[in-house]
Novice: 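Have a look at this one before I ask anything.
Everything numeric in this text was worked out from a predicted model, so none of it was measured. Index from 1, following the sequence. Counting starts at 1 for both ligands and their atoms, following the listed order.
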Amino acid sequence: MKLDFTYDQLPARVVFGIGAFDKLEAEVARLKLKKLLVLSTPGQQKLAVAAAERLRGRCAGIHAKAVMHVPVEVAETACAEVQRLGADGVVAIGGGSTIGLGKAIALETALPIIAVPTTYAGSEMTPIYGLTEGGQKKTGRDARVLPKAVIYDPLFTLDLPVAVSGPSGMNAIAHCVEALYAENANPVISALAEQGIAALANGLPRIAARPADIEARCQALYGAWLAGIALGSVGMALHHKLCHTLGGSFNLPHAETHTIVLPHAAAYNAAAAPDAMVRVAQALGAGDAAGGLYDLAVSIGARIALREIGMREDDLEKAAEIATRDPYYNPRRVDQAAIRDLLVDAYHGRRPRSVT
Ligand code: NAD
């Protein structure tokens, strides 16, 4: 491994473990917060109520209105609620959508966030925010949106349905895979990424077989934490660009799109990033990175074809054009015809080309 890198380490406080949610009040006291607004989606309001009950006098209110991709109107309403209640911090309990709403508030008000993630998306470990206006999602980086404390309690993931858990975990694995061949990769993040893949590859099949397996839930959430660090610390490449294109321009579901595209993106980059692929394969316990990722997706019962999640065959050319228009760094040159082939394979759910 070539040791020549620049590494910006992000600040983080993480409380991890079964029952870690019991430490919420201690984290609030540590940050000297007195009036917290608790955020969730409408579907997870029960958790927000549980948090409010724990916080008692320190809870300013519950705002269970988080939705996917943080529309600006939703962010503005939440900011107005923060103002109205005089909140001095937010507790965001949920997946990337709820934590994303917390970040939108922090961006506007600089209030501290305590995040309690309940999926494997990893947003809680990144200074990246996203806001959607007029159907266009804009993302940016700002230190203000990085949560001041993150409470990972595997008990909160027990309700995550198998059909959501698997793709959410594959989304996390995608962060790790791309971290290993990032333009600004560094040995610390690469080690975490490799360990993240191993933990998720260990946990996800066991969750698919037995969703209430708390030890498997611990492994997957631990892997998701490491994946979140990787996502927040180094740049992502072709795979994330393709998924942003498919999600943003064709409205495909976030985590499932990641699951389907990842083996094909890995196959595309295999020859250009051989060391990264060896590490991915080792972490998966597979002979080949792309094939191992594909087999993992199949083994957890995830959908493996873009046509199964709403992509139209007629749009593949357009998707290839958009995804190559303004490419991110990628270890292999991004070529529109080759990307179209990749998307055709992903559309049909074929085994990635490097292993056929
Ligand atoms: P999500 O937050 O939209 O959650 C999906 C659904 O599952 C929601 O209805 C939610 O209420 C429900 N849910 C979540 N956890 C649950 C649980 N434990 N039990 C039962 N139901 C549960 O999905 P996500 O994949 O976590 O997040 C996706 C969003 O996050 C996207 O908008 C993506 O762009 C963003 N994201 C941002 C970053 C970042 O760094 N900024 C990183 C990853 C993802």
Novice: Test H63 against every option in L39, I105, L85 by the side-chain contact (heavy atoms from CB on, under 4.5 Å) rule and name the one that passes.
Specialist: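 Per the side-chain contact (heavy atoms from CB on, under 4.5 Å) rule, the option paired with H63 is L39, out of L39, I105, L85.
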Novice: Considering the options L242, D341, V261, I339, which one meets the side-chain contact (heavy atoms from CB on, under 4.5 Å) requirement together with Y268?
Specialist: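 Of L242, D341, V261, I339, side-chain contact (heavy atoms from CB on, under 4.5 Å) with Y268 is met by I339 alone.
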Novice: Could you list the donor-acceptor pairs under 3.5 angstrom formed by side chains in residues 309-316, with sequence neighbours left out?
Specialist:
residue: R312; atom: NE; partner: D315; partner atom: OD2; Å: 3.3

Novice: Within the structure, does A121 bring an N/O atom to less than 3.5 angstrom of an N/O atom in ligand 1?
Specialist: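 No - when backbone and side-chain N and O of A121 are compared with those of ligand 1, no distance drops under 3.5 Å.
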Novice: Could you check T126 against K103 for side chain to side chain donor-acceptor pair (under 3.5 Å), going step by step and ending with a plain yes or no?
Specialist: CA-CA 10 Å; T126 84; K103 287 177 165 183; 2.9 Å; yes
Novice: Under 4.0 Å from any heavy atom of K103, which atoms of ligand 1 are there?
Specialist: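 Listed by number with element: 39 (C), 40 (O), 41 (N).
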Novice: Under 4.0 Å, counting heavy atoms only: does M125 come that close to any atom of ligand 1?
Specialist: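 The answer is no, since M125 has no heavy atom less than 4.0 Å from ligand 1.
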Novice: Please work out, at 4.0 Å between heavy atoms, whether the side chain, the backbone, both, or neither of A255 comes within that distance of ligand 1.
Specialist: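 Near ligand 1, A255 shows nothing, with every heavy atom at 4.0 Å or more.
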Novice: Applying a heavy-atom cut-off of 4.0 Å, say which part of F156 lies close to ligand 1: side chain, backbone, both or neither.
Specialist: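 It is the backbone that gets close, since no side chain atom is under 4.0 Å.
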Novice: Hey, can you tell me if F16 and Y222 have their rings parallel, tilted or perpendicular (30° and 60° cut-offs)?
Specialist: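 Ring orientation, 0 to 90° scale: perpendicular.
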Novice: For D213 and A216, indicate whether the former's side chain and the latter's backbone hold a donor-acceptor pair under 3.5 Å.
Specialist: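 Pair found, side chain donor or acceptor close to backbone of A216.
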Novice: Before signing off on this row, confirm whether T126 and ligand 1 have an N or O atom pair separated by under 3.5 Å.
Specialist: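 Between T126 and ligand 1, an N or O pair is found under 3.5 Å apart.
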Novice: On the 0 to 90° scale, with breaks at 30° and 60°, tag the Y152-W225 ring pair as parallel, tilted or perpendicular.
Specialist: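 Ring orientation of Y152 relative to W225: tilted.
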Novice: Which of parallel (below 30°), tilted (30 to 60°) and perpendicular (above 60°) describes H69 and H254?
Specialist: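 Ring orientation, 0 to 90° scale: perpendicular.
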Novice: Quick one: does T98 get an N or O within less than 3.5 Å of an N or O on ligand 1?
Specialist: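 No: no nitrogen or oxygen of T98 is under 3.5 Å from one in ligand 1.
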Novice: Between S168 and ligand 1, is there a nitrogen or oxygen pair with a distance under 3.5 Å?
Specialist: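 Not met; the criterion fails.
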Novice: Would you tell me which option among R217, H254, E124 has the nearest heavy-atom contact to atom 28 (C) of ligand 1?
Specialist: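 Nearest heavy atom to atom 28 (C) of ligand 1 lies in H254.
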Novice: Counting heavy atoms only, which of A172, G100, S97 comes nearest to atom 3 (O) of ligand 1?
Specialist: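 Among A172, G100, S97, the closest heavy atom to atom 3 (O) of ligand 1 belongs to S97.
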Novice: Determine, counting only non-hydrogen atoms of the protein, whether one lies under 4.0 angstrom from atom 5 (C) of ligand 1.
Specialist: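 Given the 4.0 Å limit, the answer for atom 5 (C) of ligand 1 is no, no protein heavy atom qualifies.
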Novice: How far is atom 23 (O) of ligand 1 from the closest protein heavy atom, and which atom is that?
Specialist: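 Of the protein heavy atoms, G96 N, 4.2 Å lies nearest.
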Novice: What atoms in ligand 1 come closer than 4.0 Å to a heavy atom of G95?
Specialist: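 Counting from 1, the qualifying ligand atoms are 2 (O), 26 (O).
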Novice: Going hydrophobic residue to hydrophobic residue with side-chain gaps under 4.5 angstrom, can you get from L246 over to I260?
Specialist: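 Cluster IDs for L246 and I260 match.
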Novice: Provide, to 0.1 Å, the distance between atom 38 (C) of ligand 1 and the closest protein heavy atom, together with that atom's residue and name.
Specialist: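 Residue, atom and distance for the closest contact: S123 CB, 3.4 Å.
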Novice: For L231, is the nearest heavy atom under 4.0 Å from an atom of ligand 1?
Specialist: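 Judged by the 4.0 Å heavy-atom criterion, L231 does count as contacting ligand 1.
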Novice: Please state which option from L160, T41, N171, D159 has its nearest heavy atom closest to atom 8 (C) of ligand 1.
Specialist: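 Selected option, by shortest heavy-atom distance: T41.
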Novice: Nearest non-hydrogen contact with atom 17 (C) of ligand 1 belongs to which option: H240, H244, Q44?
Specialist: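 The residue whose heavy atom sits nearest atom 17 (C) of ligand 1 is Q44.
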Novice: Under a 3.5 Å distance rule, please check whether T324 uses its side chain to pair with a backbone N or O of E321 as donor and acceptor.
Specialist: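 Yes; at least one donor-acceptor contact below 3.5 Å.
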Novice: Hey, mind stepping through D295 and R351 against salt bridge (Lys or Arg N to Asp or Glu O under 4.0 Å) and telling me if it holds?
Specialist: CA-CA 9 Å; D295 292 341; R351 203 171 171 73; 2.8 Å; yes
Novice: Can you tell me which residue and heavy atom of the protein come closest to atom 41 (N) of ligand 1, and the distance to 0.1 Å?
Specialist: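 Its nearest protein heavy-atom neighbour is I128 O, 2.9 Å.
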Novice: Considering only heavy atoms, does H69 approach ligand 1 within less than 4.0 Å through its side chain, its backbone, both, or neither?
Specialist: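 For H69, the contact with ligand 1 is made by both the backbone and the side chain.
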Novice: How far is atom 26 (O) of ligand 1 from its nearest protein heavy atom, and which residue and atom is that?
Specialist: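 Going by distance alone, atom 26 (O) of ligand 1 is nearest to T119 OG1, 2.6 Å.
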Novice: Could you tell me which residues satisfy salt bridge (charged side-chain N to carboxylate O under 4.0 Å, His left out) with R333, sequence neighbours excluded, listed by chain and number?
Specialist: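 Per chain and number, R333 pairs via salt bridge (charged side-chain N to carboxylate O under 4.0 Å, His left out) with D335.
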Novice: Is atom 34 (O) of ligand 1 near the protein, in the sense that some protein heavy atom lies at less than 4.0 Å from it?
Specialist: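 For atom 34 (O) of ligand 1 the answer is yes, since some protein heavy atom falls inside 4.0 Å.
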Novice: Where does T118 meet ligand 1, judged by heavy-atom distances below 4.0 Å: at the side chain, the backbone, both, or neither?
Specialist: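 Answer for T118: both.
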Novice: Can you tell me which residue among E178, H258, H264 is in a side chain to side chain donor-acceptor pair (under 3.5 Å) with H239?
Specialist: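 Passing option: H258.
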